[in-house]
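Down below is the structure, laid out as structure tokens.
If you're wondering where the values come from, they're calculated on a predicted model, not measured in any experiment.
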Amino acid sequence: GNIPAGTCITQNDIADALGLSRMPIREAFNVLVQDGFLQKLPNRKILVSKITPYTIDVYSQILSSIESEFLSRLTINQAAKSDELFGCFVKNQKKLSDINELKHWHFMLSDLCNDDFLSKMHINIMSSFFLYSINNFPHDLELQNSFLSQLYDAISASEVDTNKIKQIITRMNMVILEPMRKCFSD
């Protein structure tokens, strides 16, 4: 069910309501606190965070900035990674066939930066709203394939236009996050 933003809850309340022990509830709460969906308060109380469409928009901008930066910094030495990232989908005329391939593509972006800290940060950012939206809402894979094709063309151009890459990534991520945005606008 949905628990309204601003509601104080305890592990015991949820465990009792679901007929579970506190251990799995505590583990779930820790993940939700880490992702920002819940906030810890004194006396073992937990506050349900208020998430707004603005929250989703800013989140999308942060994620898009990181991903466009990774793509914009592709070098000749990373051509093999670029082929892995785009080749199987664009060059061979293969299309994303399911949502798991889309998730895999975004996770592959983390490998492009050659920086363990930034890679981990990207994965952590993706692990909240982005993956929730991909896993829980239907998505238009044809539209995502179109974005991939546009990105491939932008990266393959003789002169890389970083603004164009960022615009495409931003549109791609906003389409994925739009169902989340609608959920929190109610």
Notebook entry, point to check: How long is the gap from CD on Q11 to CZ on R22, to the nearest 0.5 Å?
Noted result: 4.5 Å
Check: If you look at every heavy atom in V175 and P179, which pair is closest and at what distance?
Finding: O-CD, 3.7 Å
Notebook entry, point to check: Considering only heavy atoms from C-beta outward, does the side chain of K182 approach that of P53 to under 4.5 Å?
Noted result: no
Note to self: Other residues, nucleotides and ligands only: do more than 12 of their heavy atoms fall within 6.0 Å of CG on N136?
What the structure shows: yes
Note to self: Measuring only between side-chain heavy atoms, which start at C-beta, is M180 closer than 4.5 Å to F137?
What the structure shows: yes
Margin query: Run the side-chain contact (heavy atoms from CB on, under 4.5 Å) test on K45 and D13 for me, step by step, so that the C-alpha distance in whole Å, both residues' side-chain angles and the decisive distance to 0.1 Å come before the verdict.
Written below: CA-CA 10 Å; K45 294 264 186 198; D13 294 340; 5.5 Å; no
Next item on the list: Look up atom CG in L109 and atom NE2 in H104, then write down how far apart they are to the nearest 0.5 Å.
Entry: 10.5 Å
Notebook entry, point to check: Hey, is the main chain of Q61 close enough, under 3.5 Å, to the side chain of S65 for a donor-acceptor pair?
Noted result: yes
Check: Between T52 and T55, do the side chains contain an N or O donor and an N or O acceptor separated by less than 3.5 Å?
Finding: yes
Note to self: With a 3.5 Å distance limit and no angle check, can you tell me whether S146 reaches the backbone of E142 through a side-chain donor-acceptor pair?
What the structure shows: no
Next item on the list: Please answer whether the main-chain N or O of L131 pairs with a side-chain N or O of N135 as donor and acceptor at a distance below 3.5 Å.
Entry: yes
Notebook entry, point to check: Quick one: OH on Y152 to CG on L71, what's the gap to the nearest 0.5 Å?
Noted result: 13.5 Å
Next item on the list: Just do the side-chain contact (heavy atoms from CB on, under 4.5 Å) check on Q39 and I46 with the steps written out, would you?
Entry: CA-CA 6 Å; Q39 299 170 26; I46 303 287; over 6 Å; no
Margin query: Could you tell me if K166 and N163 have a donor-acceptor pair between their side chains, going purely by distance under 3.5 Å?
Written below: no
Next item on the list: Following the transitive rule for hydrophobic clusters with a side-chain heavy-atom cut-off under 4.5 Å over Ile, Leu, Val, Met, Phe, Trp and Tyr, establish whether I99 and F147 coincide in one cluster.
Entry: yes
Note to self: Keeping S119 on the side-chain end and D115 on the backbone end, is there a donor-acceptor pair under 3.5 Å?
What the structure shows: no
Note to self: Are F117 and I125 connected into the same hydrophobic cluster when the rule is that any two of I, L, V, M, F, W, Y join if their side-chain heavy atoms are below 4.5 Å apart?
What the structure shows: yes
Notebook entry, point to check: Within the distance-only criterion (no hydrogens, no angle test), does the side chain of S133 pair as donor or acceptor with the backbone N or O of I176 below 3.5 angstrom?
Noted result: yes
Note to self: For residues 11-61, which residue pairs pass the ring pair (Phe, Tyr, Trp, His ring centres under 6.0 Å) check, not counting sequence neighbours?
What the structure shows: F37-F129, Y59-F129
Notebook entry, point to check: Are I62 and Y132 co-members of a hydrophobic cluster defined by side-chain heavy atoms under 4.5 Å apart?
Noted result: yes
Check: Just checking, is any N or O donor in the side chain of H122 or E67 under 3.5 Å from an acceptor N or O on the other one?
Finding: yes
Check: Side chains of S60 and N173: is there a donor and an acceptor less than 3.5 Å apart?
Finding: no
Margin query: Tell me whether D98 contacts the main-chain N or O of N100 through its side chain, where contact means a donor paired with an acceptor under 3.5 Å.
Written below: yes
Notebook entry, point to check: What are the two closest non-hydrogen atoms of I165 and L151, and how far apart are they?
Noted result: O-CD2, 3.9 Å
Check: Are side-chain heavy atoms of M126 and K103 found at a separation under 4.5 Å?
Finding: no
Next item on the list: Compare every heavy atom of A154 with every heavy atom of I168, then report the nearest pair and how far apart it is.
Entry: CD1-CB, 4.3 Å
Item checked: Verdict with supporting geometry, D140 and Q144, side-chain contact (heavy atoms from CB on, under 4.5 Å) -> CA-CA 7 Å; D140 182 349; Q144 294 301 317; over 6 Å; no
Next item on the list: Identify the two heavy atoms, one from F184 and one from I56, that lie closest to each other, and give their separation to 0.1 Å.
Entry: CD1-CD1, 4.1 Å
Margin query: Between M174 and M172, is there shared hydrophobic-cluster membership here, with clusters defined by ILVMFWY side-chain heavy atoms closer than 4.5 Å?
Written below: no
Margin query: Assess the residue pair I14 and I3 against the criterion (side-chain contact (heavy atoms from CB on, under 4.5 Å)); give the C-alpha distance rounded to whole Å, side-chain angles, the decisive distance to 0.1 Å, and a yes or no.
Written below: CA-CA 11 Å; I14 301 300; I3 301 173; 3.9 Å; yes
Next item on the list: List, by chain and then residue number, the residues other than L41 in its hydrophobic cluster (Ile/Leu/Val/Met/Phe/Trp/Tyr, side-chain heavy atoms under 4.5 Å); write none if there are no others.
Entry: L47
Margin query: Let me confirm one number: the CG-CG distance from L148 to D153, rounded to the nearest 0.5 Å.
Written below: 11.0 Å
Checklist line | Interatomic distance, S110 atom OG to I123 atom CD1 [nearest 0.5 angstrom] | finding: 4.0 Å
Next item on the list: Establish whether L118 and F107 are linked, either directly or via other cluster members, by ILVMFWY side-chain heavy-atom contacts under 4.5 Å.
Entry: yes
